[in-house]
Amino acid sequence: MTATDRYAGVRYLVDDVQAAVDFYTTHLGFTLNSSAAPAFADVVRGPLRLLLSGPASSGARATPADVSGAGRNRIHLIVDDLDAEIARLRAAGLSFRGEVVAGPGGRQILLPDPAGNLVELFQPANRP
C-alpha cells in the first residue's frame with residue numbers, strides 16, 4: 001500500500017507552519033508525519049493527511065495572488081460528544097466561529113486554526 005492509497009490529502013495554507021502543527025497535534029488528535037518547517041509540514045489523523053503549507057512553500061506559491069485568506073471550505077471531523085469537545089477546547093483557550101448549529105443530520109460548530117482555516121466539529125444525530 002502506498003501513501004496515496006492510505007490518505008486523502010487536503011492542503012491548508014497557513015501563516016505559521018509550526019503554530020499550525022502545534023494546533024492540530026495538541027488539540028485535534030493529529031500526529032506529525034513530516035516537517036520541513038517553516039515552509040511545510042504534514043499531519044495525519046486516520047485517513048486524512050493535512051498538508052500545512054507556509055508562505056515559502058511551493059503549494060502557497062502556486063496559489064493565484066488574487067486568492068487570499070482562508071476559504072469557506074473546511075475539514076470535517078466527527079466527534080462523539082460535541083459539548084465535551086467544545087468545553088475541552090475552550091478550556092485550552094480556543095475560540096469558535098459562531099455557535100452550535102443543529103440540523104437533521106447532527107450538530108456542528110466551526111473552529112478556526114491559527115491561520116483562520118476552518119475545522120468543522122460534527123456530532124451525528126442519534127439514529128434509532
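All residue numbers in this chain count up from 1 along the given sequence.
- Annotation for D81: atom CG counts as buried by contact number, over 12 foreign heavy atoms lying within 6.0 Å.
- No more than 12 heavy atoms of other residues, nucleotides or ligands sit less than 6.0 Å from atom CZ of R97.
- Between atom CZ of residue F30 and atom OG1 of residue T25 there is a gap of 10.0 Å, rounded to the nearest 0.5 Å.
- Here L48 contributes atom CG and L51 contributes atom CG; the two are 9.0 Å apart, rounded to the nearest 0.5 Å.
- Taken to the nearest 0.5 Å, the CD atom of E99 stands 8.5 Å off from the CD1 atom of I86.
- Not a single donor-acceptor pair under 3.5 Å links the side chain of D16 to the backbone N or O of P114.
- Side-chain atoms of I78 and P124, non-hydrogen and from C-beta on, do get closer than 4.5 Å to each other.
- At a cut-off of 3.5 Å, with distance as the only test, a side-chain donor of D113 or Y24 sits close to an acceptor on the other residue.
- With contacts defined as side-chain heavy-atom distances shorter than 4.5 Å, the pair H27/D22 does not qualify.
- Here S57 contributes atom OG and L13 contributes atom CG; the two are 6.5 Å apart, rounded to the nearest 0.5 Å.
- With values rounded to the nearest 0.5 angstrom, I75 atom CD1 is found 5.0 Å from Y12 atom OH.
- The shortest non-hydrogen separation linking V14 to A20 is CG1-CB, 3.9 Å.
- Side-chain contact between R74 and Q108 is present, with heavy atoms from C-beta onward closer than 4.5 Å.
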Quick one, I109 with V101, criterion side-chain contact (heavy atoms from CB on, under 4.5 Å). Give me CA distance, side-chain angles, the key distance, then yes/no. CA-CA 6 Å; I109 194 166; V101 175; over 6 Å; no

Could you list the donor-acceptor pairs under 3.5 angstrom formed by side chains in residues 37-46, with sequence neighbours left out?
| from | atom 1 | to | atom 2 | distance (Å) |
| --- | --- | --- | --- | --- |
| D42 | OD1 | S34 | N | 3.1 |
| D42 | OD1 | S34 | OG | 2.3 |
| D42 | OD2 | N33 | ND2 | 2.7 |
| D42 | OD2 | R49 | NE | 2.7 |
| D42 | OD2 | R49 | NH2 | 3.4 |
| R45 | NH1 | L28 | O | 2.8 |

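- V10 and Y7 are assigned to two separate hydrophobic clusters, defined by single-linkage of ILVMFWY side chains at heavy-atom distances under 4.5 Å.
- For D15, the side chain to side chain contact (heavy atoms under 4.5 Å, CB included) partners are A115, not counting sequence neighbours.
- T26 contributes no side-chain N or O that, together with a main-chain N or O of F23, makes up a donor-acceptor pair within less than 3.5 Å.
- No side-chain heavy atom of L118 sits less than 4.5 Å from a side-chain heavy atom of L111.
- We find the CZ-CG distance between F96 and L89 to be 4.5 Å, quoted to the nearest 0.5 Å.
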